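Okay, structure first, notes after.
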Amino acid sequence: MTQTSEQGGRTRIERYDPASIEPRWQARWAELGLYRTDLHDRERPRFYLLTMYPYPSGDIHIGHWYIITPTDAIARFHRMHGENVFLPIGFDAFGLPAENAAIKNNINPRDWTMRNIDNMRRQLRSMGATFDWDSEVVTADPEYYRWNQWFFLQFLKAGLAYRTTSAVDWCPNDGTLAREQVEGVDRHCWRCGAKVEKRDLAQWYLKVTNYADELLDFSGLQWPEPIKTQQTNWIGRSEGAEVVFETASSPHHPGGSPLRVFTTRPDTLFGATFMVLAPEHPLVAELTAPDRLAEVGAYLAQAANRTEIDRLSTDREKTGVALGAEAINPVNGERIPIFVADYVLGSYGTGAIMAVPAHDERDYAFAEKFGLPIRRVVAAPGDEDRPLEGAYVAHAAGERLVDSGPYSGQAADEAGRAIVAELASRGAGKAAVTYRLRDWLVSRQRYWGAPIPVIYCDRDGIVPVPEEDLPVRLPDAVDYRGSGENPLGRDEAFLNVTCPRCGGPARRETDTMDTFVDSSWYWFRYLSPEKAGAPIERALVDEWTPVDQYTGGSEHAVMHLLYAREWTKMMRDIGLVAQDEPFKRLFNQGQILGLDGERMSKSRGNVVDPDDLVARYGADTIRLFLMFMGPWDQGGPWSPTGIGGVHRFLNRVWTLALDPHGSDPGDKDAGHLPEGQGAAEAEAALRSAAHRTLRGVTADYESFHFNTMVAKLMELSNTLFRYRGTEIAGGAAWNEAIRILLLTLAPAAPHITEELWSRARAARGETWSSIHTATWPDVDASAVVEATREVPVQVNGKLRDLVVVPTETSDAELERLVLAAPKVAAALAGRTPRRVVIAGGGRLVNLVVG
RNA sequence: GCCGGAGUGGCGGAACGGCAGACGCAGCCGACUUAAAAUCGGCAGCCCGCAAGGGCGUGAGGGUUCGACUCCCUCCUCCGGUACCA
């Protein structure tokens with residue numbers, strides 16, 4: 001019941017006090033299990049809404065709210081449309097920050113993490129978010145990571161996991177990194193910022209390159225274009241040819257070793273004047289002439305440290321040394337010198353290139369520096385004899401080959417295909433495709449992760465841990481303080497095992513898994529977090545996934561979002577799921593930055609604590625403010641100015657709902673309808689405003705335009721205020737408008753709307769039912785149309801007048817009315833329009849004169 | 001360099017090719033108050049003008065169109081990604 005008190009001679013309603021409303025409803029919703037999803041419900045349409053689970057860094061900061069609030073509003077919006085919405089939450093609980101914080105504070109990472117999770121659970125609840133807590137997943141739980149290990153064993157069996165030694169990116173603090181975890185021009189670690197080095201290590205990989213082509217296919221996915229582009233670029237598919245050059249015989253080498261190169265420009269093969277091997281290329285040692293050994297050896301040593309030495313120069317001068325060997329160009333038999341140079345990467349293509357300086361900028365720079373011949377073999381029409389001033393790489397229409405033996409004069413693209421065909425017929429080459437994408441390196445030399453479940457036995461080699469022995473538990477009492485070695489290797493009890501195959505002494509793998517393994521399948525586990533015997537409940541997975549809508553930041557474009565796709569495909573290939581893709585629709589919200597415009601982080605000291613804000617304004621205000629700030633995909637620096645305006649809006653909603661007849665002494669027109677409006681016109685105008693708002697707001701929720709959604713509701717409340725205290729206040733049209741206002745505001749500001757809704761129902765003598773289970777209202781299209789409308793009139797594209805006409809006005813009549821308007825006549829100054837444009841069904845008139 | 005995204009009042013930001021600046025913040029004026037806060041109403045892009053009114057305005061310059069913040073071309077600035085990928 002509305003409580004009122006007499007004060008100063010006028011009626012005053014109880015103040016809007018979120019602190020007394022919000023915890024009460026949160027408790028009630030939890031008690032009623034309002035957001036617990038019945039996953040087995042077959043009646044209603046299912047909607048799986050997923051938001052990227054948080055890393056339990058301790059406090060939830062305003063950035064988490066920025067991600068979660070609109071997601072929660074989407075969930076509520078869908079529920080009000082009769083859908084069975086599943087919105088789970090969990091914690092990405094393994095990872096380096098926990099381990100580092102634990103080291104720093106001398107506390108066990110598990111304790112640190114679990115304490116943080118408790119705090120975050122409390123904070124998430126204080127937002128009024130409708131997570132289904134029964135589905136919670138914590139990845140550091142042995143009952144979760146045992147399935148990481150199980151997956152790993154299945155992938156091993158299927159040939160999708162393998163161990164190999166190669167040069168890996170290595171951070172002195174964090175150990176091995178996947179390639180996408182190395183950032184920036186200076187190649188620093190994504191977590192600690194330290195310089196990343198190269199090391200030769202035996203590590204575990206997942207064979208995700210199997211899926212390169214499939215990953216390029218986004219058909220059927222509603223994903224933001226920029227993410228698709230980023231993944232496409234990351235995968236980096238290049239079409240071209242593989243060409244085999246034989247090595248020439250020389251005093252130190254019998255020759256004949258095939259050197260395979262990848263090129264995207266087979267049409268330039270006649271322009272190859274030298275060849276370059278990457279320092280890591282296996283044939284470097286074999287091909288080096290005895291008198292070149294010292295110099296080549298020195299160069300290789302230097303190249304190994306290159307990333308540290310010259311890291312800052314992007315367009316660094318080319319370096320390299322000749323091996324003293326030659327290769328034979330398969331198309332013309334020409335002998336060309338072989339170099340080793342670090343501008344050729346060992347990890348891309350074949351680790352060797354044919355250098356065509358005339359048509360490649362890097363080769364050109366190298367040739368210039370080492371005085372090697374530069375031979376033009378492609379020319380745009382008329383350029384055949386023009387000397388080159390740099391590499392000619394552009395493609396011009398009508399390009400033809402020159403100086404290319406039998407191919408001279410042919411169109412370049414055609415000649416390229418012909419050359420590949422010729423090479424193929426002689427077994428000296430073939431069309432080929434190369435990718436930039438590498439296999440996923442999952443080994444990590446850290447403590448706080450899922451142990452990789454393999455055992456090394458001197459007799460049996462690599463032995464998988466038997467499935468019945470899973471999980472391989474992470475021991476608690478390990479000295480996890482880093483010193484460059486694997487913490488698990490220091491735990492004798494963990495390390496030493498008997499070989500499951502021969503029973504002899506053996507050692508466990510001491511690496512743990514990349515935490516992106518955890519996040520590559522967590523949304524499947526949400527559906528059956530307690531399930532024993534299998535990682536997923538197949539029946540539920542088939543019904544509920546792929547996820548209908550995923551929300552989260554774009555910083556994971558080529559990390560989590562790519563891994564999750566890869567993992568899903570691997571799961572499919574070992575028969576676990578039927579789907580090809582994990583997430584049907586993806587939305588990337590922007591990132592909220594600190595006041596200083598920098599990323600929020602504890603170390604920068606620019607973290608905004610939502611607890612303080614909630615204490616001051618209440619959760620609804622903060623939720624609404626975050627949605628109102630700007631477009632959700634944009635983010636931006638945090639600025640609290642403006643919270644007051646949103647809080648004021650909620651106060652106004654409160655006042656409108658509880659005190660329609662009240663008035664304020666400051667309002668000169670209090671109690672009077674706007675001039676020229678009778679009660680009927682006023683009600684029609686109010687209904688029109690309410691239904692127009694409903695239509696707009698519904699569309700805004702659907703398209704995630706939350707800022708304009710809030711703006712439209714503010715407009716409606718402003719309109720309502722104009723009628724407050726008048727004869728139509730509290731009437732049918734008024735109540736309908738209030739009802740629409742509360743229902744459409746409910747997903748965004750769930751507490752105040754629940755409170756006002758329940759009071760209104762009580763006042764009408766109805767039993768309680770939650771606004772959040774109410775049905776979304778329908779637009780009454782007939783109410784939207786008003787009797788008259790305003791038509792802007794332009795003369796030569798410039799606005800000259802606004803003419804009010806009846807809504808149903810024919811174009812001819814409209815033209816007549818417009819030309820008769822005095823201001824229009826004045827603007828025309830006696831001229832007769834040469835043309836009258838009536839745009840968009842009479843929305844605007846443009847008179848063209850002169 | 002390459003690939004994305006973005007440039008609109010003092011600020012955050014609106015605007016199916018059709019009234020640029022909705023909504024809000026900050027600001028100013030007024031009402032209420034002994035007063036202040038809170039609340040309510042109003043003004044408000046810039047320039048000229050007492051006003052009526054006019055001119056100029058969406059990073060810069062061109063173009064298409066009756067009409068361009070919106071589409072096309074060239075360029076500038078900022079943000080994100082990437083880094084010799086042959």
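Everything quoted here is computed from the prediction, not taken from an experiment. First the proteins, then the strands, lettered A, B, ... as listed; each starts at 1.
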Anti or syn - B/rG81, cut at 90° from 0
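In terms of base orientation relative to the sugar, B/rG81 is anti.
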Given that both distances must come in under 3.5 Å, which nucleotide forms a Watson-Crick or G-U wobble pair with [N]?
{"N": "B/rG7", "value": "B/rC76"}
{"N": "B/rG67", "value": "none"}
{"N": "B/rG57", "value": "none"}
{"N": "B/rA15", "value": "none"}
{"N": "B/rU39", "value": "B/rA31"}

For [N], take OP1 and OP2 only and decide whether either is under 4.0 Å from a side-chain N or O of [X].
{"X": "A/R436", "N": "B/rC3", "answer": "no"}
{"X": "A/N846", "N": "B/rU65", "answer": "no"}
{"X": "A/K823", "N": "B/rG54", "answer": "no"}
{"X": "A/R652", "N": "B/rG41", "answer": "yes"}
{"X": "A/R648", "N": "B/rC25", "answer": "yes"}

Could you give the [atom1]-to-[atom2] distance, from [X] to [N], as a whole number of Å?
{"X": "A/M709", "N": "B/rG13", "atom1": "CE", "atom2": "P", "value": "17 Å"}
{"X": "A/I235", "N": "B/rC3", "atom1": "CD1", "atom2": "P", "value": "18 Å"}
{"X": "A/E361", "N": "B/rA83", "atom1": "CD", "atom2": "P", "value": "19 Å"}
{"X": "A/R800", "N": "B/rG53", "atom1": "CZ", "atom2": "C1'", "value": "10 Å"}
{"X": "A/L561", "N": "B/rG81", "atom1": "CG", "atom2": "C1'", "value": "14 Å"}
{"X": "A/I643", "N": "B/rC25", "atom1": "CD1", "atom2": "P", "value": "12 Å"}
{"X": "A/Y364", "N": "B/rG1", "atom1": "OH", "atom2": "P", "value": "20 Å"}
{"X": "A/N651", "N": "B/rU39", "atom1": "CG", "atom2": "C1'", "value": "10 Å"}

Under the 3.5 angstrom rule, does the side chain of A/D700 hit a backbone N or O of A/M709 as a donor-acceptor pair?
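Confirmed, A/D700 side chain pairs with A/M709 backbone.
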When you measure from the side chain of A/T209 to the backbone of A/D439, do you find a donor-acceptor pair of N or O atoms at a distance under 3.5 Å?
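No, A/T209 side chain to A/D439 backbone: no donor-acceptor pair under 3.5 Å.
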Minimum-distance nucleotide (side-chain atoms of [X] versus [options]):
{"X": "A/E790", "options": "B/rC19, B/rA86, B/rC84", "result": "B/rC19"}
{"X": "A/A711", "options": "B/rC23, B/rA86, B/rC66", "result": "B/rC23"}
{"X": "A/D360", "options": "B/rU82, B/rA86, B/rU39", "result": "B/rA86"}
{"X": "A/A839", "options": "B/rA86, B/rC84, B/rG18", "result": "B/rG18"}
{"X": "A/K798", "options": "B/rC66, B/rC56, B/rC23", "result": "B/rC56"}
{"X": "A/W234", "options": "B/rC23, B/rA83, B/rA86", "result": "B/rA83"}
{"X": "A/N233", "options": "B/rG24, B/rG18, B/rC3", "result": "B/rC3"}
{"X": "A/E715", "options": "B/rC3, B/rA22, B/rC19", "result": "B/rA22"}

Counting the atoms with a prime plus P, OP1 and OP2 as sugar-phosphate, which does [X] contact under 4.0 Å by heavy atoms, base, sugar-phosphate, or nothing?
{"X": "A/N718", "result": "sugar-phosphate"}
{"X": "A/V837", "result": "base"}
{"X": "A/V344", "result": "base"}

Could you write out each protein N or O paired with an N or O of nucleotides 4-12 of chain B at a distance under 3.5 Å?
from, atom 1, to, atom 2, distance (Å)
B/rG12, O2', A/M629, O, 2.7

Worked check of side chain to side chain donor-acceptor pair (under 3.5 Å) between A/Y299 and A/T319:
CA-CA 9 Å; A/Y299 184 75; A/T319 61; 2.7 Å; yes
Take A/V646 and A/Q794, find for each the nucleotide of RNA chain B with the closest heavy atom, and name the residue whose nucleotide sits nearer the 5' end.
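Nearest nucleotide further toward 5': that of A/Q794.
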Of A/Y348 and A/T708, whose closest RNA chain B nucleotide lies nearer the 5' terminus?
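It is A/T708, whose closest nucleotide lies nearer the 5' terminus.
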Geometric class of the A/F366/A/Y343 ring pair [parallel <30°, tilted 30-60°, perpendicular >60°]:
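Ring orientation, 0 to 90° scale: tilted.
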Below 30° counts as parallel, above 60° as perpendicular, anything between as tilted: where do the rings of A/F516 and A/H560 land?
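A/F516 and A/H560: parallel rings.
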Is any side-chain N of the basic residue among A/R15 and A/D17 closer than 4.0 Å to the acidic one's carboxylate O?
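The answer is no: the pair does not qualify as a salt bridge.
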A/F625 and ring pair (Phe, Tyr, Trp, His ring centres under 6.0 Å): which single residue from A/W638, A/F706, A/F649 fits?
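Answer after filtering A/W638, A/F706, A/F649: A/W638.
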Can a donor-acceptor pair be found between the side chains of A/R438 and A/S347 at a distance below 3.5 Å?
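Yes - a donor-acceptor pair under 3.5 Å links their side chains.
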When rounded to the nearest Å, what value does the distance between [atom1] atoms of [N] and [M] take?
{"N": "B/rG41", "M": "B/rA26", "atom1": "P", "answer": "15 Å"}
{"N": "B/rG21", "M": "B/rA14", "atom1": "C1'", "answer": "7 Å"}
{"N": "B/rG5", "M": "B/rG9", "atom1": "P", "answer": "22 Å"}

Does A/K712 get its side chain close enough to the base of B/rC23, under 3.5 Å, for a donor-acceptor pair?
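It does not, because no donor-acceptor pair links the side chain of A/K712 to the base of B/rC23 below 3.5 Å.
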Sole residue of A/T232, A/N588, A/V558 in side chain to side chain contact (heavy atoms under 4.5 Å, CB included) with A/I227
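The single option meeting the side chain to side chain contact (heavy atoms under 4.5 Å, CB included) with A/I227 is A/N588.
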Applying side chain to side chain contact (heavy atoms under 4.5 Å, CB included) to A/L269 and A/V243, what does each step give before you reach the verdict?
CA-CA 9 Å; A/L269 198 44; A/V243 182; 4.2 Å; yes
